[in-house]
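Written out below as structure tokens is the structure these notes cover.
Everything numeric here is computed off the predicted structure, so don't read it as measured data. Protein chains get the first letters and strands the later ones, always in sequence-line order, with residue 1 at the start of each.
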Number of protein chains: 2
Amino acid sequence: MAKETIQKKVFLEIVQQLRQLIQTEKIQAGEKLPSERVLSERLGVGRSSVREALRSLELLGLIETRHGGGTFLATTHKHQLVEVLSMFILEDERSKKDVAQTRQIHEKEAIRIICSTKEMRTSPVWESFFVKLEIEGTVNCRDILREIMITSGNRLALKIWFQLAAYDGDRLNRQSTEDEKIMIQTLLKSLELGYQQEALKAYGQWMKHLDNQGGVKRGNT
Amino acid sequence: MAKETIQKKVFLEIVQQLRQLIQTEKIQAGEKLPSERVLSERLGVGRSSVREALRSLELLGLIETRHGGGTFLATTHKHQLVEVLSMFILEDERSKKDVAQTRQIHEKEAIRIICSTKEMRTSPVWESFFVKLEIEGTVNCRDILREIMITSGNRLALKIWFQLAAYDGDRLNRQSTEDEKIMIQTLLKSLELGYQQEALKAYGQWMKHLDNQGGVKRGNT
DNA sequence: TGTTGAAAAGTGGTCTGACCATTTTAGGGT
DNA sequence: ACCCTAAAATGGTCAGACCACTTTTCAACA
């Protein structure tokens, strides 16, 4: 038979073609994609196949859909990616530890990079955080770590970090306590001066402190 | 109407429920999942919705489907994931650098962990690689790094690493050259002895060597 | 009895049409 | 010019049909 019938997964073909379409039509992030029905007709496939492709891309966070509104190229990359992965692969207690550990791997590396790069070290944000901490006595823990990740300049690592940070967000997205003030200030100052050893040490103490507080929500002392 | 209609994306619900189902039924990697029609009925949703969820998971490489055969929990790591992500996000040169850098972040951390953990250090694999290198004169670069990642024991980091390694696989999945022999042996020996500084230094040299060779395929000297 | 081969059942792959819920647009009335 | 409502556009879901491929079943044959 000259059938051959190689037919490789239509919905994967569609993912490819969508990408081409985005390129040729020069669709920018945040802009609207053709409707499912239009895509279906233009690509010569059924609407359900188009949807399978779109849903996949949505799970990856590459597109956003608004019911009744349309489909849009994603602006912020908030893939469910790691979340979904961890949902399937890492379900036990140990895996939560893996998530925290992996997150800290990226944070530590970011600190190393910042300390050894003049332009990053001398960013005014460290000073501003330091002052804010001095005046208000507290800052948002997640904000500092995010700023560290952003400054280090690796976009992929940043995306991965966002996912990991979202995962154990409860422990991270909160105001710092009095106990942490000195550790955070040491970290910030060391960053600014490029003292890598000091910075990592302060960071390590801070994380240890966080771990000790655990998931337990303590109202106050 | 007491409709409420909060209905948040059924296909995302299904992804969740699939995970639960896998857990409760204790479905192992490589084993078969219920058919789409069965899932559709059991979850009380349309088959197309089930498919949208399954297709998403397939794109992530979490499941494999065989036409006419069934759907299976994935065993091998051949996700389109990195491919698709790169297709949409990482197109320029800079992001390829990000991928390599991010991969190396995990490898370096793995080396640190191994050096400071007696059980990991004393694994016989390091010696066996060393001997193999001595006798045959060459080993597969990717194999060594993979073993390092596996040994370090962070499953999430391993999963991420697999994806990153798949991305610039050409440069990684090949036999080592004569030039690299000494660096790799130093790395292995340092790992075994727990000399973290030495190990990282040897690793750094090795990676630098890889970068210099770049994507260019040089037959020989 | 054991083998083989074709039919049947099971399963993924795709398309079509229908209906609902939400958002956007268009028109008409003031 | 403004506002409100009806219509259109769009995504969300479901049901049914048909195809292609794989697995199973079972009867005919050696």
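Without hydrogens or angle criteria, B:Thr117 side chain to B:Ile114 main chain gives no donor-acceptor distance under 3.5 Å. Not one N or O on the side chain of B:Trp206 forms a donor-acceptor pair closer than 3.5 Å with the backbone of B:Leu187. No side-chain donor-acceptor contact under 3.5 Å links A:Ser123 to the backbone of A:Met120. Of the possible polar contacts, none joining the A:Asn140 side chain to the A:Gln175 backbone as a donor-acceptor pair under 3.5 Å is found.
Here the P atom of nucleotide C:dT14 and the CZ atom of A:Arg55 are 16 Å apart, to the nearest Å. Protein atom NE2 of B:His67 is 5 Å distant from nucleotide atom C1' of D:dC21, rounded to whole Å. Put simply, CD on A:Glu52 is 16 Å from P on D:dG11, counting in whole angstrom units.
The stretch residues 37-48 of chain B participates, sequence neighbours left out, in these side chain to side chain donor-acceptor pair (under 3.5 Å) pairs: B:Glu25-B:Arg42, B:Glu36-B:Arg47.
Within the 4.0 Å cut-off from OP1 or OP2 of D:dG12, not a single side-chain nitrogen or oxygen of A:Arg66 is found.
Closest-nucleotide positions on DNA chain D for B:Gly69 and A:Gly70 were compared, and the one nearer the 5' end corresponds to A:Gly70.
Non-hydrogen atoms lying under 4.0 Å from DNA chain C are contributed by A:Arg37, all within residues 27-41 of chain A. Remark: A:Arg47, A:Arg51 in residues 44-51 of chain A come within less than 4.0 Å of DNA chain D through at least one heavy atom.
Classification of A:Arg174 and A:Glu180 as a salt-bridged pair holds, one side-chain N sitting under 4.0 Å from a carboxylate O. Here A:Glu52 does not pair with A:Arg55 in a salt bridge; the nearest charged N to carboxylate O distance is not below 4.0 Å.
Counted by atom type alone, B:Glu58 and B:Thr65 present one or more donor-acceptor pairs between their side chains at under 3.5 Å.
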